[in-house]
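The structure appears below as structure tokens.
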Amino acid sequence: METLAYKPHLEEVLARLRRLHERRAAEEIFAEMEVPSLALERFQEQYCEGFCDYPDPTERIAFWDDYCKERAALEDDSVPRAYLSEMDQGLYGGLLGGQVQFMAHPENGWISSMVAPLLSDWAQFDSLRFDTSHPWFQRYLRQLEVFVEGARGKFGISHFILIDGLNFVFELVGATNTYLSLLERPDQVRRAIDFAFELNVAVHEAFFERVPGIAGGTFSNMVQWVPGRCVSESVDPFHMTSVEYFEAWGREPVERIFRRFDGGVLHLHGNGRHLLEAVSTIPGLKAIYLGDDKGFARAFDVLADLRRRAGDVPLVVQADFDRFMKKLNRHELPGGVFYKVAGVPDVATANRAMEKVRAYRAH
């Protein structure tokens, strides 16, 4: 069994997560305990919220090393991993000549990226070319190299978000023009979706060729670890559309990329929960991360309903420690769910809570 220095009981955790992702844990619950972090505090002293420069990858992997090392004594269901937040969105547009901007997020230690729309008119689409010699692709490969070397034997490197389907069309012409183009230029949108598929395959094949997994699976910021070479998908553009639009424009691109790899995971924001039944039927789907957003009930507060609507698909939700413990002690937590528990005061408290988590069986 492969090991990680920053997760002494890794074998037990992976066995538990395998049951979850193979849908054999409908009565069990799982948890990641978020305890105070000195590494995160240092990041928050260095960065304010907002735009910043592309950071030195060696500094970023040092942050992840410190962060994961602090958590080594936790006996929770987390799997230590770094996330390539710098490549989270801007990579894709950057590869095609877009102007990439970086943004610091002190709350979670991320430096993410985005890009302004590349095209002022669809007539420019035919000029787009993807070339692995592009400086942005070389920057991407260099960061992979630095991260892999810095993490070796200690923690993993998570897959990162796809920007395909309508997400990619957003990168080309912006959100409003994307929705208009579904009505006015549907053939052009289809061509862009096909282009996006090839681009995303190239980006993520490069990832899987260079980044070690563990126990035949993929490290995941969404679900910790998942069996196989799995990608992380987004259906965000359909959060503001009907289910019918998702079926017409969103399902096929997701199913296509899932078939190309070994399936994948996806997330829904608060305004996308109307898609839950539809996305739960996607072949190859391993789990759904249910995000929380202003103006919508927290997923944890309506979890019984979400659990019912999702069938047997594993779910991931956020929870505050005090409320999580109350429901745990009252035996009110739905099973087949991974709980990301925030506000845990210390490692000792987290480990005592995990004893109850591992023993728990839903009604």
Side-chain angles (χ1 to χ4, degrees), residues 54-55 57 60-61 81-103 110-119 125 127-149 151 156-172 191-213 217-223 226 228-237 250 252-267 284 286:
Y54 175 67
R60 293 300 291 145
I61 195 60
R81 73 276 169 204
Y83 187 69
L84 286 136
S85 60
E86 294 78 15
M87 305 294 160
D88 192 54
Q89 291 188 42
L91 169 64
Y92 303 87
L95 288 171
L96 302 174
Q99 185 65 41
V100 181
Q101 290 184 309
F102 295 93
M103 291 149 287
W110 282 22
I111 295 176
S112 66
S113 62
M114 298 189 77
V115 63
L118 278 74
L119 309 180
F125 175 77
S127 67
L128 296 178
R129 297 289 185 276
F130 167 61
D131 186 341
T132 57
S133 66
H134 191 281
W136 252 100
F137 198 74
Q138 295 307 306
R139 171 181 280 184
Y140 166 54
L141 296 184
R142 170 61 179 159
Q143 185 159 345
L144 287 181
E145 178 184 351
V146 170
F147 271 41
V148 168
E149 185 58 34
I157 310 300
S158 169
H159 60 192
F160 65 103
I161 200 72
L162 299 169
I163 297 294
D164 60 347
L166 291 196
N167 280 297
F168 180 75
V169 185
F170 276 22
E171 300 271 298
L172 297 183
R191 291 183 65 209
I193 289 173
D194 286 343
F195 185 101
F197 174 78
E198 299 298 337
L199 176 64
N200 276 261
V201 166
V203 166
H204 291 276
E205 280 290 356
F207 176 89
F208 287 116
E209 287 170 3
R210 290 164 174 80
V211 176
T218 303
F219 295 95
S220 172
N221 67 307
M222 291 288 177
V223 299
V226 61
R229 298 197 318 164
C230 290
V231 291
S232 180
E233 179 61 280
S234 165
V235 293
D236 286 6
E252 195 281 331
V254 175
E255 293 188 354
R256 184 183 186 187
I257 200 82
F258 278 13
R259 288 194 302 269
R260 180 61 179 73
F261 294 94
D262 295 325
V265 301
L266 59 79
H267 64 275
K286 305 300 184 182

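Source: prediction; values computed, not measured. The analysis underlying the following values was restricted to heavy atoms, covering all of them including side chains, and did not include hydrogens, waters or symmetry mates.
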Identify, with sequence neighbours excluded, every residue that meets side chain to side chain donor-acceptor pair (under 3.5 Å) alongside [X].
X	result
Asp164	none
Ser127	none
Glu149	Arg152
Ser85	none

Tell me the closest heavy-atom pair linking [X] and [Y], and the distance in Å.
X	Y	result
Ser220	Val223	OG-N, 3.0 Å
Asn167	Pro237	OD1-CD, 3.3 Å
Cys230	Gly264	CB-CA, 4.1 Å
Val148	Pro212	CG1-CD, 3.9 Å

With side chains defined as the heavy atoms from C-beta onward, is the minimum distance between [X] and [Y] less than 4.5 Å?
X	Y	answer
Val115	Glu171	yes
Glu233	Val265	no
Asp236	Leu166	no
Asp262	Thr218	no
Tyr54	Arg139	yes
Phe219	His159	no
Phe137	Asp131	no
Ser234	Leu162	no

My understanding is that only residues two or more places apart in sequence, or in another chain, count here; which of them pass side chain to side chain contact (heavy atoms under 4.5 Å, CB included) with [X]?
X	value
Ser113	Val100, Phe102
Glu255	Arg251, Arg259, Ile282, Pro283
Pro117	none
Ser158	Arg81, Tyr83, Asn221

So salt bridge (Lys or Arg N to Asp or Glu O under 4.0 Å) across residues 87-102, not counting sequence neighbours, yields none

Separation between [atom1] of [X] and [atom2] of [Y], rounded to the nearest 0.5 Å:
X	Y	atom1	atom2	answer
Phe170	Leu118	CZ	CG	14.5 Å
Leu266	Ile161	CG	CD1	8.5 Å
Leu128	Leu172	CG	CG	6.0 Å
Tyr140	Glu86	OH	CD	12.5 Å
Gln89	Met114	CD	CE	4.0 Å

Residues forming a salt bridge (Lys or Arg N to Asp or Glu O under 4.0 Å) with Arg210, sequence neighbours excluded:
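In terms of salt bridge (Lys or Arg N to Asp or Glu O under 4.0 Å), with neighbours along the sequence ignored, Arg210 is linked to no residue.
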
request  = For the pair Phe168 and Leu96, evaluate side-chain contact (heavy atoms from CB on, under 4.5 Å) and give the outcome as yes or no after the intermediate values.
outcome  = CA-CA 11 Å; Phe168 180 75; Leu96 302 174; 3.6 Å; yes

Identify each donor-acceptor pair in which a side-chain atom of residues 192-207 lies under 3.5 Å from a protein atom, sequence neighbours left out, and give them as a table.
residue, atom, partner, partner atom, Å
Asp194, OD1, Arg256, NH1, 3.0
Asn200, OD1, Ile163, N, 3.0
Asn200, ND2, Ile163, O, 2.8
Asn200, ND2, Ala196, O, 2.8
His204, NE2, Tyr92, OH, 2.8
Glu205, OE1, Arg229, NH1, 3.3
Glu205, OE2, Arg229, NH2, 3.1
Glu205, OE2, Arg260, NH1, 2.8
Glu205, OE2, Arg260, NH2, 3.1

### Query
Counting only N and O atoms by type, is there a donor-acceptor contact under 3.5 Å from the side chain of Gln99 to the main-chain atoms of Gly94?
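Such a contact is absent between Gln99 side chain and Gly94 backbone.
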
